[in-house]
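First comes the structure, then the notes that go with it.
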Protein chains: 4
Amino acid sequence: MSRTSYEGSDGNGGRPLRDVALIVGGGPGVSSSCARLFAENGIRVAVAARNPDKPVLRELEKSHDVRLFACDASDPDAVEQLFRSVGNDLGAPTLVVHNIDGRMAEIFRKGITEADPARVLETLRNSAFSAFLVGQQAARRMLETGPGPDGARGTIIFTNASAALKGFPKSGAFAMACHAKTGLAQSMARELMPEGIHVVNVPIDGAIGWTQADGTRAHWLAGQAVDDNMLDPDRIAETYLQLHRQHRSTWAFEVVLRPWTEKW
Amino acid sequence: MSRTSYEGSDGNGGRPLRDVALIVGGGPGVSSSCARLFAENGIRVAVAARNPDKPVLRELEKSHDVRLFACDASDPDAVEQLFRSVGNDLGAPTLVVHNIDGRMAEIFRKGITEADPARVLETLRNSAFSAFLVGQQAARRMLETGPGPDGARGTIIFTNASAALKGFPKSGAFAMACHAKTGLAQSMARELMPEGIHVVNVPIDGAIGWTQADGTRAHWLAGQAVDDNMLDPDRIAETYLQLHRQHRSTWAFEVVLRPWTEKW
Amino acid sequence: MSRTSYEGSDGNGGRPLRDVALIVGGGPGVSSSCARLFAENGIRVAVAARNPDKPVLRELEKSHDVRLFACDASDPDAVEQLFRSVGNDLGAPTLVVHNIDGRMAEIFRKGITEADPARVLETLRNSAFSAFLVGQQAARRMLETGPGPDGARGTIIFTNASAALKGFPKSGAFAMACHAKTGLAQSMARELMPEGIHVVNVPIDGAIGWTQADGTRAHWLAGQAVDDNMLDPDRIAETYLQLHRQHRSTWAFEVVLRPWTEKW
Amino acid sequence: MSRTSYEGSDGNGGRPLRDVALIVGGGPGVSSSCARLFAENGIRVAVAARNPDKPVLRELEKSHDVRLFACDASDPDAVEQLFRSVGNDLGAPTLVVHNIDGRMAEIFRKGITEADPARVLETLRNSAFSAFLVGQQAARRMLETGPGPDGARGTIIFTNASAALKGFPKSGAFAMACHAKTGLAQSMARELMPEGIHVVNVPIDGAIGWTQADGTRAHWLAGQAVDDNMLDPDRIAETYLQLHRQHRSTWAFEVVLRPWTEKW
């Protein structure tokens with residue numbers, strides 16, 4: 001069994017023989033790590049991205065049989081169509097990860113007087129509103145499908161950011177979007193947990209590292225004594241899988257992840 | 001009167017002789033109470049509403065010389081124009097209250113699967129995005145104007161709701177909007193307090209009462225022993241005025257107001 | 001004066017003709033400012049301190065007719081006796097301020113491995129446990145006395161610190177004590193607000209300034225451009241009086257106060 | 001591989017060949033589940049309890065080679081001695097769980113005016129102060145021992161309760177103790193994470209179930225359709241083990257666990 005597999009030989013925690021994961025947002029970090037780990041643990045995986053034609057995604061398609069879908073997750077019709085397509089292709093998702101933070105160069109670290117209103121609204125749409133759309137479709141499908149053998153219908157995970165925990169200066173638009181996502185997740189958790197749907201908010205409180213071309217880990221400051229001062233997306237994915245596998249008698253709603261060196 | 005007295009005979013806490021308040025949102029509750037109280041304390045008052053032609057506002061115009069402005073606060077150009085008009089008419093605002101919660105019948109108490117996406121986006125625009133627009137313009141004007149004698153440039157108050165404190169079930173869209181407003185307010189406070197601008201978030205955690213046609217107070221449950229189990233908008237306005245008059249050495253950022261009988 | 005005016009000519013917000021305040025903790029900062037302001041607003045004032053024989057307290061006795069009581073507020077019998085004595089002398093308190101933070105040189109800014117357990121326990125006793133003792137006696141007396149004309153029985157205010165908001169490094173014992181005080185205050189608020197007792201937690205998030213011998217204000221860093229970068233205890237006292245005068249339809253439970261220059 | 005084992009064949013996540021766990025508090029719920037699961041995953045386990053002579057503990061001694069120690073965890077000398085004894089017997093602990101909540105019949109669900117001060121202080125001692133003592137010794141030993149191959153020195157987990165999240169009415173003393181524990185944990189986390197020690201606060205927000213004599217699960221309300229509406233201590237233990245195995249690049253500080261049916 002691979003090192004990323006951390007369950008018994010049933011590989012699936014008593015869930016329906018075929019778990020289906022849908023990851024919305026297709027970057028090289030958390031989304032790719034999730035796709036890989038989920039697939040290695042016997043889950044069929046779909047990834048939706050505005051542009052699914054990135055090399056990193058095409059590679060996942062080949063290596064892990066990940067299905068790719070083009071989708072603008074801020075468009076209600078597109079999100080509805082996405083869930084229909086995934087359902088037809090793999091079956092209704094039992095694990096949905098919303099992995100878009102909507103950070104835009106145009107509004108990031110911009111003072112309140114500098115931020116362009118059009119970009120602020122776009123950020124709200126791409127992050128909070130798309131989280132709503134994805135959460136709504138996920139809830140609908142899971143409620144239709146009925147519970148698995150352990151009583152749970154599925155898991156909806158919202159990847160979030162430090163700005164969900166604290167509104168930093170020069171971060172008004174991003175703080176709005178991240179706080180909104182937390183509010184949505186909380187409301188959905190209180191509404192859907194009694195229906196057997198596990199809703200989780202995961203604020204990532206720190207920079208996410210990755211493996212560089214030369215095989216070493218990217219780290220926060222070159223020349224630092226340690227190279228593990230950024231979050232490892234593979235470890236984030238492990239936490240997501242553990243959250244999906246938690247029994248409904250013992251669910252976590254919010255897990256903040258941060259590196260050991262982070263100030264908070 | 002000794003220096004510890006906090007309502008000196010100037011009635012204005014050492015601020016420029018003429019404070020100017022702009023209240024965005026024109027309902028019969030908090031907005032009207034603020035307009036009345038501020039005017040009675042020597043502040044020149046403008047109220048902006050989608051429809052300023054309501055009887056309650058026209059009455060304030062007559063009784064308290066309140067200036068009325070028509071404004072769709074979710075439209076960037078309209079908000080910019082509003083601040084220009086108020087500035088020309090009364091001078092740059094030193095006290096701005098954003099008093100729109102964006103609650104809509106169509107999304108209120110709707111389960112996550114029932115809420116109409118178009119209305120959810122409208123709620124985000126009317127509440128969080130309009131708060132951004134108003135906050136941005138307020139910050140710009142206050143930064144341009146320069147500090148008053150006590151060093152402070154002005155006060156920006158965001159009226160918020162219980163859903164800012166907790167995402168309740170069947171309240172996803174509203175929780176998003178209210179949490180977003182909190183995130184914005186926090187970020188603005190951290191950014192603008194060192195510039196001498198007092199930013200405040202006031203979640204109103206309970207139902208707001210009012211004086212009924214027969215002169216009695218509306219209360220939460222007919223037949224209850226007490227008639228003060230809803231928040232009094234006049235008392236909310238008092239808190240707002242006290243917050244505006246706090247010295248910058250001793251500022252509050254968040255004040256949650258609730259009735260004594262409220263469960264929380 | 002109109003009904004919106006919040007400081008009628010009776011100077012006492014409709015409460016019993018003679019409000020009685022008991023301030024537990026007798027330093028030259030918040031306690032003294034409260035004693036002065038309360039007395040100047042027609043409230044009879046008692047101050048309890050381990051050592052009431054400090055010059056600053058003796059001066060208040062002379063200038064503002066403040067009654068002084070010796071009391072170790074971490075001793076259950078002493079606290080019970082204190083309330084009996086104040087009751088006999090001035091009447092049952094309607095406004096009680098717990099103003100002891102228990103900070104000790106021995107545990108302050110000590111790493112977790114360095115702090116002396118005996119001092120840690122002493123800190124818990126002096127701060128959290130004494131807050132419980134004072135809160136318990138205050139609740140008992142207020143419940144016995146019956147409500148005033150506005151329905152409220154009185155106000156209990158806990159002065160708290162930054163460490164109530166966040167557990168800082170090298171601050172374990174102090175964070176314990178401050179968090180404990182918040183937990184107590186919250187529980188008491190939920191229990192006693194429906195009985196007409198206003199319970200408030202006031203974390204002071206910053207250094208408190210004072211007037212120096214030469215008449216200038218103490219400030220955080222000598223040579224800074226501004227001298228109002230520390231909280232003014234007179235302003236803190238103003239907030240306390242405003243909180244005491246809030247109507248029970250519109251109560252605040254927690255107010256964090258900080259200077260405009262504070263990082264948070 | 002047993003079902004409780006969820007890691008690769010190294011069974012130990014790259015840590016020193018022999019992890020040593022010390023569980024302070026010896027009930028039949030979380031402590032026993034932790035002892036069993038940790039032992040089954042190759043960790044040497046010590047349990048400290050006031051009375052280690054309970055049948056449930058003696059059984060663990062036999063079945064899982066768990067070492068038992070008598071210790072009053074609110075006594076500084078006893079706690080120091082405990083860590084010395086465990087160190088001599090099994091080696092310095094790399095995983096320490098503080099599992100005492102200090103709930104006492106005498107103060108639980110007692111109104112603020114009813115609680116006996118002596119019991120309130122005892123609760124503070126047994127819960128918050130003992131958490132400090134155990135945390136201090138754990139930190140000392142881990143700092144002395146030096147890091148494992150993955151850079152981390154060890155994990156300190158504080159089991160906490162709903163009263164850490166919210167001060168409920170008639171729960172003042174317990175709210176004090178639980179909030180204090182959170183404050184301590186936060187301070188220790190900020191201080192010790194950069195030293196490679198993972199500090200975690202786990203508020204258990206709900207009733208904990210157990211297996212009854214007849215082999216069925218205890219549940220909250222007899223006659224309910226479901227029997228998994230209480231937290232499963234075996235599942236809590238799984239989360240603890242996962243937290244211990246998190247890489248220091250990706251640590252969680254706080255995980256609130258609750259059943260799917262819980263109101264919050």
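Given the structure is predicted, the values throughout are model-derived calculations rather than measurements. Each chain gets a letter, A, B and so on, in the order its sequence line appears, and its residues count up from 1.
For Leu133(B), the part lying under 4.5 angstrom from a heavy atom of chain A is the side chain only. Looking at Gln137(B), neither its backbone nor its side chain comes within 4.5 Å of chain A, counting heavy atoms on both sides. Both the backbone and the side chain of Ala115(B) come within contact range of chain A, judged by heavy atoms closer than 4.5 Å.
Ring pair His198(B)/Trp251(B) is parallel by interplanar angle, where below 30° counts as parallel and above 60° as perpendicular.
The candidate with the highest count of non-hydrogen atom pairs below 4.5 Å against chain B, out of Pro194(A), Ala139(A), Ser171(A), is Ser171(A). In terms of heavy-atom pairs under 4.5 Å with chain B, the best-connected choice from Gly135(A), Ala128(A), Pro117(A), Ala131(A) is Pro117(A). Counting heavy-atom pairs under 4.5 Å between each of Glu114(A), Arg140(A), Met188(A), Arg190(A) and chain B puts Arg190(A) at the top. Counting heavy-atom pairs closer than 4.5 Å to chain B, the top residue among Ala180(A), Ala138(A), Cys178(A) is Ala180(A). Residue with the most contacts toward chain A among Leu192(B), Val120(B), Leu124(B), Val79(B): Val120(B) (heavy-atom pairs, distance under 4.5 Å).
A heavy-atom distance below 4.5 Å is not found between the side chains of Phe253(B) and Val200(B). Using a 4.5 Å heavy-atom threshold, the side chains of Val199(B) and Ile197(B) count as touching.
Salt bridge Glu122(B)/Arg125(B): absent, no basic N to carboxylate O contact under 4.0 Å.
Judged purely by distance below 3.5 Å, without hydrogens or angles, the side chains of Thr155(B) and Tyr240(B) never pair a donor atom with an acceptor atom.
At distances below 3.5 Å, not a single donor-acceptor pair connects side-chain atoms of Ser187(A) with backbone N or O atoms of Gly167(B).
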